A.B. asks: 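To start, I am sharing the structure in question, which I have written as structure tokens.
Note that this is a predicted model, so its numbers are computed, not measured.
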Amino acid sequence: MSGISDPRSHGQSRVSDDGDTVYVGYRRRGCAIVENQSDQEQLTPERSLALVNHSPSGFEWGYGGSGPAQLALALLLDYTGDEAFALDHYQEFKDEVVSQLECTGPDGCWRLTGSDIDAVLHETSGEPVVPSI
């Protein structure tokens, strides 16, 4: 996944050039932060924790543990709006995507688009995915 100039800047575009959903993750004071830039909102674990409590301390990425599992569930839940779908596919999404995310380069963040998510979900589930937006 590629980085963007500064995920925290107020002038940042809400969506990518093609109108796609964009999630960005970075660290601030040692805490993992994930934003849905399409909605200009920070993604929090509360909604996903109500379904499965993997990591009450928050999100993580870059490996296959409990924090990445919580993030994978939260991303699919936010993107699809479908609890059953998110529950059925988040572990595989964690393995395929979230465990591979890195905050590298001068921007120190990762970027994940709705198109990226759709591509992985189509590959792993064989089902078309309709985002909740």
Side-chain angles (χ1 to χ4, degrees):
M1 306 298 145
S2 63
I4 59 171
S5 61
D6 183 1
R8 296 151 288 218
S9 71
H10 295 295
Q12 184 66 40
S13 170
R14 292 186 59 192
V15 294
S16 67
D17 293 339
D18 61 1
D20 203 0
T21 301
V22 178
Y23 295 97
V24 174
Y26 56 94
R27 297 194 187 281
R28 185 185 313 145
R29 293 183 219 117
C31 294
I33 307 292
V34 178
E35 295 178 355
N36 178 336
Q37 291 194 327
S38 306
D39 294 340
Q40 291 188 328
E41 291 187 11
Q42 185 171 322
L43 192 63
T44 62
E46 282 74 20
R47 184 174 174 205
S48 64
L49 283 167
L51 298 177
V52 180
N53 186 342
H54 283 292
S55 180
S57 61
F59 299 139
E60 268 304 334
W61 53 77
Y63 64 99
S66 59
Q70 201 71 58
L71 177 57
L73 180 57
L75 285 168
L76 291 184
L77 196 54
D78 187 71
Y79 183 67
T80 67
D82 184 341
E83 290 181 1
F85 184 90
L87 286 167
D88 287 344
H89 297 282
Y90 80 96
Q91 287 289 357
E92 197 169 8
F93 188 72
K94 173 193 74 172
D95 294 339
E96 294 289 322
V97 177
V98 177
S99 67
Q100 306 303 309
L101 295 173
E102 297 179 11
C103 292
T104 59
D107 302 333
C109 66
W110 54 259
R111 182 175 184 267
L112 184 64
T113 67
S115 296
D116 296 331
I117 295 170
D118 285 341
V120 170
L121 294 178
H122 285 168
E123 179 181 296
T124 60
S125 70
E127 302 170 13
V129 178
V130 179
S132 60
I133 55 175

A.B. asks: Identify the two heavy atoms, one from Asp95 and one from Ser99, that lie closest to each other, and give their separation to 0.1 Å.
C.D. replies: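 Smallest heavy-atom distance, with atoms named: O-OG, 2.8 Å.
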A.B. asks: Any donor and acceptor pair, going by atom type alone, linking the side chain of Glu35 with main-chain N or O of Gln42 inside 3.5 Å?
C.D. replies: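 No, the answer is negative, given that no donor and acceptor are paired below the 3.5 Å cut-off.
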A.B. asks: List the atom of Trp61, the atom of Tyr26, and the distance in Å for their closest heavy-atom pair.
C.D. replies: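 Minimum heavy-atom separation between Trp61 and Tyr26: CH2-O, 3.4 Å.
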A.B. asks: Between atom CD of Glu83 and atom CG of Leu76, what is the distance when rounded to the nearest 0.5 Å?
C.D. replies: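 Here the interatomic distance stands at 12.5 Å.
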A.B. asks: Distance check, rounded to the nearest 0.5 Å: Lys94 atom NZ versus Tyr63 atom OH?
C.D. replies: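 One gets 9.5 Å once the value is rounded to the nearest 0.5 Å.
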A.B. asks: So, the side chain of Asp118 versus the backbone of Ser115: is there a donor-acceptor pair under 3.5 Å, distance only?
C.D. replies: no
A.B. asks: Can you name the nearest heavy-atom pair linking Val22 to Val24, along with the distance?
C.D. replies: CG1-CG2, 4.0 Å
A.B. asks: Are Phe59 and Leu43 packed together at the side-chain level, in the sense that at least one heavy-atom pair is separated by less than 4.5 angstrom?
C.D. replies: yes
A.B. asks: Answer whether the closest heavy-atom distance between the side chains of Val97 and Leu75 falls below 4.5 Å.
C.D. replies: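 Not touching, per the 4.5 Å side-chain cut-off.
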A.B. asks: Do you know which two heavy atoms are closest between Gln70 and Ser55, and how far apart they sit?
C.D. replies: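 Closest pair (atom of Gln70, atom of Ser55, distance): OE1-N, 2.9 Å.
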A.B. asks: To the nearest 0.5 Å, how far apart are CG in Asp20 and OG1 in Thr113?
C.D. replies: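 It is 4.5 Å, given to the nearest 0.5 Å.
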A.B. asks: Quick check: closest heavy atoms across Ser38 and Thr21, and the distance to 0.1 Å?
C.D. replies: OG-CA, 3.0 Å
A.B. asks: Salt-bridge test for Glu60 and Arg27: reply yes if a basic N is under 4.0 Å from a carboxylate O, no otherwise.
C.D. replies: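 Looking at Glu60 and Arg27, the cut-off is met.
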A.B. asks: Let me confirm one number: the CG-CZ distance from Leu73 to Arg47, rounded to the nearest 0.5 Å.
C.D. replies: 9.5 Å
A.B. asks: Taking all atoms of both residues into account, what is the closest heavy-atom pair of Ala69 and Gln91, and its distance?
C.D. replies: CB-NE2, 4.4 Å
A.B. asks: Hey, is the main chain of Val34 close enough, under 3.5 Å, to the side chain of Tyr23 for a donor-acceptor pair?
C.D. replies: no
A.B. asks: For the pair Asp39 (side chain) and Glu41 (backbone), establish whether a donor and an acceptor sit closer than 3.5 Å, ignoring hydrogens and angles.
C.D. replies: no
A.B. asks: Return the CG to CG distance between Leu121 and Asp116, rounded to the nearest 0.5 Å.
C.D. replies: 10.5 Å
A.B. asks: Which value, rounded to the nearest 0.5 Å, describes the distance between Tyr79 atom OH and Asn36 atom CG?
C.D. replies: 10.5 Å
A.B. asks: What do you reckon, are the aromatic ring centroids of His54 and Tyr90 less than 6.0 Å apart?
C.D. replies: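 They qualify: ring centres under 6.0 Å apart.
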A.B. asks: With Ser66, which residues qualify under side chain to side chain donor-acceptor pair (under 3.5 Å), at least two apart?
C.D. replies: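 If we apply the side chain to side chain donor-acceptor pair (under 3.5 Å) test to Ser66, skipping adjacent residues, there are no hits.
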